[in-house]
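Note: hydrogens, waters and symmetry copies are ignored here, and every other heavy atom, side chains too, is used. Residues: numbered from 1 along the sequence shown. Everything numeric here is computed off the predicted structure, so don't read it as measured data.
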Amino acid sequence: MTVLGSGDAFNSGARFNAAYLVEAPGHTFLVECGPTSLLALKRKRFDAREIDFVLVSHLHGDHFGGLPALLLEYVYEAPRRRPLLIGGPPGIEDRVRSLFGLCYREVAGRPLPFPLEFRELRSGSSVDLCGVGCFPFEVPHQSVDLSLGFRLEVGGRRILYSGDSGWSERFVELSADVDLFLCECTYYERGLDFHLDYVRLEKELARLKARRLVLTHIGSDLLPLLHKTKAQCASDGLVIEI
């Protein structure tokens with residue numbers, strides 16, 4: 001996994017928005033596609049056409065706002081012919097197509113040169129995404145729309161991703177026998193129920209059974225206090241061998 005963006009919605013610390021590139025034998029995909037994702041891919045000199053699908057945890061701009069640029073890339077700069085699948089919470093297709101139309105109305109109004117497919121994900125219902133096992137589960141982040149975390153199985157490895165979330169007991173259950181838990185930690189000590197802070201998370205570290213824990217979605221409140229954390233914190237460009 002390459003951390004393309006480890007920052008929050010405000011690009012705190014000049015970090016890129018959420019995006020994680022997973023490469024495994026026969027499978028290459030993005031988890032999240034924030035507005036800076038295409039830039040991050042190009043800085044890594046990665047050919048975006050290698051991406052099989054994009055997985056979106058929730059419909060906040062810093063998590064899916066980079067999709068119009070990625071689609072435009074596939075039309076002009078890196079022409080794509082094979083299908084692209086985008087998976088996410090209910091409403092994913094309407095929101096992505098609407099955003100694409102707002103950003104690039106003329107291009108969005110024409111047929112794309114590749115099949116664009118969408119898959120709505122429901123909490124608690126396992127799905128197969130291009131050969132990758134995905135178990136989506138609801139996390140506490142939004143009061144109306146659905147926010148998801150994911151437990152993924154790919155290449156014989158298991159990844160747990162929290163999405164944006166306050167503390168959830170599901171993390172304890174789902175972290176068992178997981179090779180990597182990529183967990184949001186926006187603040188150091190805020191006590192919010194829709195974003196995690198390190199002080200809250202530290203109380204639960206002994207209960208999390210993942211083989212490796214990496215914190216991400218780092219905000220301005222936590223950045224000057226990273227030295228106080230007992231867990232690894234992601235940075236842009238970090239490569240995690242799972």
Side-chain angles (χ1 to χ4, degrees), residues 1 3-12 15-22 29-38 40 51 53-71 84-100 102-103 116-127 129 132 134-152 159-171 174-175 181-187 190 192-197 200-201 214-219 234:
M1 175 184 285
V3 178
L4 298 175
S6 60
D8 59 2
F10 310 104
N11 301 110
S12 295
R15 292 172 178 240
F16 286 175
N17 298 123
Y20 311 95
L21 176 67
V22 180
F29 60 95
L30 278 180
V31 178
E32 313 289 33
C33 188
T36 52
S37 297
L38 184 59
I51 295 169
F53 66 91
V54 180
L55 193 57
V56 175
S57 68
H58 65 290
L59 298 174
H60 279 168
D62 57 314
H63 289 256
F64 87 110
L67 285 169
L70 185 64
L71 297 177
L84 176 69
L85 174 65
I86 300 175
I92 181 75
E93 180 171 5
D94 179 66
R95 291 285 290 275
V96 171
R97 290 192 184 278
S98 295
L99 184 60
F100 189 36
L102 286 170
C103 292
L116 180 59
E117 303 169 358
F118 292 88
R119 183 80 175 268
E120 287 196 353
L121 306 177
R122 306 285 176 173
S123 177
S125 297
S126 296
V127 295
L129 299 174
V132 175
C134 175
F135 177 75
F137 59 98
E138 185 174 2
V139 295
H141 182 55
Q142 301 179 90
S143 58
V144 177
D145 293 331
L146 179 64
S147 291
L148 297 169
F150 303 114
R151 180 172 161 131
L152 306 170
I159 301 169
L160 180 63
Y161 173 59
S162 69
D164 278 10
S165 174
W167 173 254
S168 171
E169 285 294 310
R170 298 301 301 276
F171 298 153
L174 295 173
S175 67
F181 181 12
L182 185 65
C183 183
E184 88 118 275
C185 192
T186 304
Y187 303 111
R190 285 289 182 94
L192 302 176
D193 59 5
F194 56 91
H195 273 299
L196 264 170
D197 62 70
R200 177 68 178 90
L201 182 62
V214 177
L215 307 183
T216 190
H217 205 269
I218 309 298

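Between the CG atom of L152 and the CG atom of L129 there is a distance of 8.5 Å, given to the nearest 0.5 Å. Atoms OG and CH2, on S162 and W167 in that order, are 10.5 Å from each other to the nearest 0.5 Å. Here the straight-line distance linking atom OG of S37 with atom OH of Y20 works out to 10.0 Å at 0.5 Å rounding. Atom-to-atom distance recorded for L55:CG and E32:CD is 7.5 Å, nearest 0.5 angstrom. Between the CG atom in L38 and the SG atom in C33 there is a gap of 8.0 Å [rounded to 0.5 Å]. Annotation: the span from F150 atom CZ to I159 atom CD1 amounts to 12.5 Å, rounded to 0.5 Å.
Closest approach of H58 to S147, counting heavy atoms only: CB-OG, 3.5 Å. Contact detail for P89 and L59: the closest heavy-atom pair is CG-CG, 4.0 Å. When all heavy atoms of D8 and G219 are compared, the closest pair comes out as OD2-CA, 3.3 Å. Nearest heavy-atom pair across P136 and S125 is CD-O, 3.2 Å. Contact record, L121 with P90: O-CD, 3.5 Å, taken as the closest heavy-atom pair. Pairing each heavy atom of V54 with each of L84, the nearest pair is CG2-CD1, 4.4 Å.
Under the salt bridge (Lys or Arg N to Asp or Glu O under 4.0 Å) criterion, E93 pairs with R97, not counting sequence neighbours. Applying the side chain to side chain contact (heavy atoms under 4.5 Å, CB included) test to D145 and every residue at least two apart in sequence or in another chain returns R95, Q142. The salt bridge (Lys or Arg N to Asp or Glu O under 4.0 Å) check on R200 picks up E204, with sequence neighbours excluded. For T36, the side chain to side chain contact (heavy atoms under 4.5 Å, CB included) partners two or more places apart in sequence, or in a different chain, are N11, F16, N17. Scanning for ring pair (Phe, Tyr, Trp, His ring centres under 6.0 Å) contacts around F135 gives an empty result, with sequence neighbours left out. Residues meeting the ring pair (Phe, Tyr, Trp, His ring centres under 6.0 Å) test with F181, sequence neighbours left out: F171.
Only one option out of C183, P140, S165 pairs with L196 in a side chain to side chain contact (heavy atoms under 4.5 Å, CB included); it is C183. Residue F53 forms a side chain to side chain contact (heavy atoms under 4.5 Å, CB included) with just one option from I86, V132, V31, and that option is V132.
Using a 4.5 Å heavy-atom threshold, the side chains of M1 and V214 count as separate. The shortest distance between side-chain heavy atoms of T186 and D164 does not fall below 4.5 Å. Using a 4.5 Å heavy-atom cutoff, the side chains of V96 and V56 are not in contact. Between L71 and L116, the closest side-chain pair of non-hydrogen atoms falls below 4.5 Å.
A perpendicular orientation is assigned to the rings of H141 and H60, their planes being inclined by more than 60° (bins at 30° and 60°). In this pair, H63 and H217 present their aromatic rings parallel. The plane angle is below 30°, not in the 30 to 60° band.
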field: Residues F137, L160; criterion side chain to side chain contact (heavy atoms under 4.5 Å, CB included); working and verdict
entry: CA-CA 11 Å; F137 59 98; L160 180 63; 3.7 Å; yes
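At distances below 3.5 Å, not a single donor-acceptor pair connects side-chain atoms of R15 with backbone N or O atoms of I218.
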